[in-house]
Each structure stands twice: as C-alpha cells, then as structure tokens.
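Shown next, in structure tokens, is the structure this report addresses.
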There are 2 protein chains.
Amino acid sequence: MNDVFKALSDPTRREVLRLLKSGPRSAGDLADAFPVSRPTMSAHFNVLRGAGLVSTEKVGKSVIYHLNVSVLEEALLGFAGAFGLGAGVPPVSPSE
Amino acid sequence: MNDVFKALSDPTRREVLRLLKSGPRSAGDLADAFPVSRPTMSAHFNVLRGAGLVSTEKVGKSVIYHLNVSVLEEALLGFAGAFGLGAGVPPVSPSE
DNA sequence: ACATCACTTAGATGATTAGCTAAATGTCTT
DNA sequence: AAGACATTTAGCTAATCATCTAAGTGATGT
C-alpha cells in the first residue's frame, strides 16, 4: 500500500491513471499525452505496475495498459476510511 | 493538491495523520511515537503543514498539531471521485 | 539572570527519483 | 532476412528527500 501512495505522489502518474479510466491504452498512446520522453514514461509505467495499479497485455507490437481500479479503491478508500471519510468501513466510533 | 499527495507518500507522515485523528497532540508527543530524531520529525511536520494537512497552535513551551480533515477529504475523495469511487461527485456516466 | 525544556533551523550526507540519450529487444511486414 | 515500428533497458545526471548532529529560539521556573 505504501507503493500505491508512492506511485500516486507524482502528477504524471496520477494523470496516466485518469487517462486509463476511460479505457485501456497503448504505451505509446499514453506517452503521447505527456511532454516527456518515452523512456521516462516507461519508467512511470513500471512504478504504476509495481504498485499493482495497472496491468499490461501485449498485443502485437503494442503493450496495452489497463487500470486496476480495485487496487486504487482499496488503498484510497481504505486510508480515507480510517478517518471516517467517504464510504469506507466506519472506524471506531468517536464516542468510544 | 500535489502537495497533499506528496505528503501522503511517506508512511511516517501518514501515521502522524492517523495519530492526529484521535485529537491534537504536541510535537514531542508525536515524535515519541516514531524511531527517528526530533529534527527529522520536525521536517515531516513541515511537509504536512505545507500541504495544509495540519495546523499548529503554540501553547506555552509546546506546539500542538491539529489535523485538518477537510483538506485530506478534499484531496482524497476528490481524486477518488474522479474514478467513480467512494462518495465523490459521480463523473461522466459510463454509458455516455 | 540562568538553567532547562520544547521545538525548530542549519548544514551535511547517502539514497532515491525523474529526466535524458543511446542501445537493445521483440514483433510485424515485405 | 532485412527493415520498420513499439517499447523497454542501460547508463548517466541533476534534483529532491529522509536522516543525522549541532546549534539556535523562545517560553518557563528557580
């Protein structure tokens, strides 16, 4: 879960996730949306994959990236839930 | 908002927030809960304050840290909401 | 006034990170 | 087999980061 927050700490990576929200995309397609080199984007993809936030599928010459919403949900809402935020499992009630 | 995610990327800082959830605490009191030096903790506090996640109040010799839940909520649920997670404002419906 | 306590700032160090170019890998097409 | 294409790996650099010790600041108590 630390890996997830580490991955989310970079704006480029958060934006990649947002792009992936609308559906799977190839590495090159994703890379075109950012003003950095492809190798740099590849490194970002590695971080996202390491955190389990995306999965890959090889199709011909391309590598297709898929968003793993469940991992994002578990980390984000899990943490938020500990603060009584969102729809997470309610923590210890304040009066206890 | 980038500052918030940057702040959340460190486990020590996330734990500080969790400790603060039960109520305000002094810097030293918080520092005692971690195996690092006070100056290091002070640096972590600075990051949290810079992100707006905590506020300080000086009481005598002590500095009391307060959690700013609203900032955490806005960043966390705002981002999660963009993915249709949690109780955030629903994004574009999937069928559109 | 002086010592003490609580905390922060200064300054240094080693590790990690995001970025680059160049080269390697793997897949398709001809 | 050769070339083109998509992506990753290798190797480098500059910047940022977490950590430390030592010194500074500011409030309290004697």
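Here is the naming used below: chain letters follow the sequence lines, and residue numbers restart at 1 for every chain.
Contact annotation: A/Ser62 does not reach the phosphate of D/dA6 (side-chain N/O to OP1 or OP2, under 4.0 Å). The phosphate of C/dA6 has neither OP1 nor OP2 within less than 4.0 Å of any side-chain N or O from B/Tyr65. Within the structure, a side-chain polar atom (N or O) of A/Asn46 is placed less than 4.0 Å from OP1 or OP2 of D/dT9. Phosphate contact (OP1/OP2 of D/dA18, side-chain N/O of B/Thr40, threshold under 4.0 Å): absent.
Below 30°, between 30° and 60°, or above 60°: for B/Phe45 and B/Tyr65 the angle between ring planes is between 30° and 60°, a tilted geometry.
Not one N or O on the side chain of B/Asn68 forms a donor-acceptor pair closer than 3.5 Å with the backbone of B/Val71. The main-chain N or O of A/Leu8 is never found under 3.5 Å from a side-chain atom of A/Arg13 such that the two would form a donor-acceptor pair. The backbone N or O of A/Leu30 lies less than 3.5 Å from no partner atom in the side chain of A/Arg25, so there is not a single donor-acceptor pair. Panel note: side chain A/Ser42, backbone A/Pro39; no donor-acceptor pair is recorded below 3.5 Å.
Residue B/Lys58 contributes atom NZ, which lies 7 Å from atom C1' of C/dC7 at whole-angstrom precision. Rounded to whole angstrom, the span from the NE2 atom of B/His44 across to the P atom of D/dC20 amounts to 9 Å. Rounded to whole angstrom, the span from the CE atom of B/Met41 across to the P atom of D/dT19 amounts to 9 Å. Protein atom NZ of B/Lys6 is 14 Å distant from nucleotide atom C1' of D/dA18, rounded to whole Å. Rounded to whole Å, atom C1' of D/dT7 lies 12 Å from atom CG of A/Asp32. The nearest whole Å value for the distance from the CZ atom in B/Arg38 to the C1' atom in C/dC5 is 10 Å. When rounded to the nearest whole Å, the span between CD of B/Glu57 and P of C/dC7 equals 13 Å. Protein atom CZ of B/Phe34 is 15 Å distant from nucleotide atom C1' of D/dT19, rounded to whole Å.
Listed candidates were C/dC7, D/dT19, C/dT8. Nearest to the side chain of B/Ser42 is C/dT8. Considering only side-chain atoms of A/Val36, the nucleotide from D/dT19, C/dC20, C/dT8 that sits closest is C/dC20. For A/Lys61, taking side-chain heavy atoms from C-beta onward, the closest of the listed nucleotides D/dT8, D/dA22, D/dC5 is D/dC5. Counting only heavy atoms from C-beta on, A/Ser37 has its side chain closest to C/dT21 among D/dT19, C/dT21, D/dA22.
Among the atoms of the strands shown, none is found under 4.0 Å from any heavy atom of B/Thr12. Nucleic acid contact for B/Arg13: sugar-phosphate only, since backbone atoms but no base atoms lie under 4.0 Å from a heavy atom of the residue.
Residue whose closest nucleotide on DNA chain C sits further toward the 5' end, between A/Gly60 and A/Asp10: A/Asp10.
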